[in-house]
Amino acid sequence: MMRIFLFLATNVAIMVVISIGFSLLGLTGTLDAQGINLDLNALLVMSAIIGITGSVISLAMSKWSAKQAMGIQIVEQPPRNQTEQWLLAIVTQQAQQAGIGMPEVGIFLSPDANAFATGMNRNSALIAVSTGLLQRMNKDEIEAVIGHEITHVANGDMVTMALMQGVVNTFVYFFASIIGHVVDRVILQNERGHGMGYFLAQMVAQIALGFLASLLVMWFSRYREFKADAGGAKLAGRGKMISALRALQREYEPQDLPGQLAAFGINGGSAQKLFMSHPPLEERIEALQNMR
């Protein structure tokens, strides 16, 4: 909760600074002179509500959504078999090492080696692994993968990523709305309400600005993956973490996790580097090899 409070406080401060900047630069007066009549401060507040609220709601529902989307079977007490017993023991041990509450542990059906962490609270998270991971990796490698996911939880990555996405959404909506107003009032000369030009221009601008903003979000996601790898190496051992990443390299055309879960998985994507949520596996292995 402190992380959320500080992040929101920071964003409020940013909004105040931007609002003061509007006043000092006289942007509102300039827009009015062009016949646009747009209240930038009100638009900024509305954009923040739209951008951040959706992100926070998504985060709050993340565990439930993951369970539904992936068909996750939660490992209950007592475990049904030795694999579940071992899995619970490893997660319990690493959670204690990382200083977080015991996460829920789940298994989802997938032939690909993958795992992810999700949840709004670091003391009430979910760690899920695929059946493919349990079948294709040895226990040392699985231990390292779990350490990677535990580190995501301990670092509060789910909260940080959700709030960062909220801030990005805020400014995408804000600037897209300004573009829509300019097109509607100045180019199409609409004097009353919002015409079709506003909605079309705003939609196109949101797509274009969202595309550019995703570069920033993906950069941060890749940075965070290096940190999770380092945490996994600390919890399970550097050799085990490197071995787990090598095992992923041996996978043939691994499939991405759906939607936002991809940002918290162990597997990387196949898109170009700038649009990848994970760094190339070779770079991650090299970073671990050079880690002191």
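It should be emphasised that the depicted structure is a prediction, and the values quoted were computed from it without experimental measurement.
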Side-chain heavy-atom pair P79, Q77 within 4.5 angstrom cut-off: yes

Shortest non-hydrogen separation from E225 to S277 and the atoms involved: CG-O, 3.8 Å

I142 side chain near I90 side chain, heavy-atom distance below 4.5 Å: no

Distance in Å, M276 CE paired with S221 OG, rounded so as to fall on 0.5 Å steps: 10.0 Å

Side-chain (S58) to main-chain (G54) donor-acceptor, under 3.5 angstrom: no

Sidechain-backbone polar pair: R238 side chain, M291 backbone, donor-acceptor under 3.5 Å: yes

M137 versus A244, closest heavy-atom pair with distance: CE-O, 3.5 Å

Between CD on residue E283 and CG on residue L245, distance to nearest 0.5 Å: 12.0 Å

Same apolar cluster: F108 and I74, side chain cutoff 4.5 Å: yes

Close side-chain approach of I52 and T170, heavy atoms under 4.5 Å: yes

Qualifying residues under salt bridge (charged side-chain N to carboxylate O under 4.0 Å, His left out), relative to R246, sequence neighbours excluded: E282

L109-I72 co-clustered via ILVMFWY side chain contacts under 4.5 Å: no

Spacing of CG belonging to D157 relative to CZ belonging to F220, to within rounding of 0.5 Å: 6.5 Å

Distance, nearest 0.5 Å, that separates CE of M102 from CG of L88: 5.0 Å

Ring pair (Phe, Tyr, Trp, His ring centres under 6.0 Å) against F226, all qualifying residues, sequence neighbours excluded: none

Minimum heavy-atom distance between A236 and A144, given as atom pair plus value: CB-CA, 3.7 Å

Test item: K227 and H152 side chains (from C-beta on) under 4.5 Å apart, heavy atoms: no

Residues that, via side-chain heavy atoms closer than 4.5 angstrom, fall in one hydrophobic cluster with W64: I57, M61

Any donor-acceptor N/O pair, S214 side chain to F211 backbone, under 3.5 Å: yes

Heavy-atom pair with the smallest gap, counting every atom of A98 and R122: O-NH2, 4.2 Å

Side chain E84, main chain V75, donor-acceptor under 3.5 Å: no

Side-chain donor or acceptor of E149 paired with backbone N/O of I146 under 3.5 Å: no

Side chain to side chain, M120 and V56, heavy atoms closer than 4.5 Å: yes

Check: G147 main-chain N/O paired with T151 side-chain donor or acceptor under 3.5 Å: yes

Spacing of E141 atom CD and M241 atom CE [to the nearest 0.5 Å]: 9.5 Å

Atom pair CD (Q94) and CD1 (I150), whose distance is rounded to the nearest 0.5 Å: 6.0 Å

Heavy atoms from other residues, nucleotides or ligands near CD of Q82 exceed 12 (cutoff 6.0 Å): no

Joint hydrophobic cluster, V183 plus V204, side-chain heavy atoms closer than 4.5 Å: no

Main-chain N/O of L126 paired to T118 side chain as donor or acceptor, under 3.5 Å: no

Exercise: identify the closest heavy-atom pair between I127 and A117: CD1-CB, 3.7 Å

Residues forming a ring pair (Phe, Tyr, Trp, His ring centres under 6.0 Å) with Y198, sequence neighbours excluded: H181, H194

Side chains of L235 and Q93 in contact at under 4.5 Å (non-hydrogen atoms): no

In one Ile/Leu/Val/Met/Phe/Trp/Tyr side-chain cluster, 4.5 Å: F199, Y173: no

Q202 side chain reached by I179 side chain, heavy atoms, under 4.5 Å: no

Heavy-atom side-chain contact between R250 and R136 under 4.5 Å: no

Closest approach of A213 to V172 (non-hydrogen atoms, all atoms of both residues): CB-CG2, 3.9 Å

For L200, the rest of its hydrophobic cluster, which grows through side-chain links under 4.5 angstrom: M196, M203, I207

Non-neighbouring partners of K67 that pass salt bridge (charged side-chain N to carboxylate O under 4.0 Å, His left out), sequence neighbours left out: E104

S110 side chain to S130 backbone, donor-acceptor under 3.5 Å: no

Any donor-acceptor N/O pair, N290 side chain to E286 backbone, under 3.5 Å: yes

Steps toward side chain to side chain contact (heavy atoms under 4.5 Å, CB included) verdict (L59, V159): CA-CA 7 Å; L59 177 62; V159 174; 3.9 Å; yes

Side chain S47, main chain L43, donor-acceptor under 3.5 Å: yes

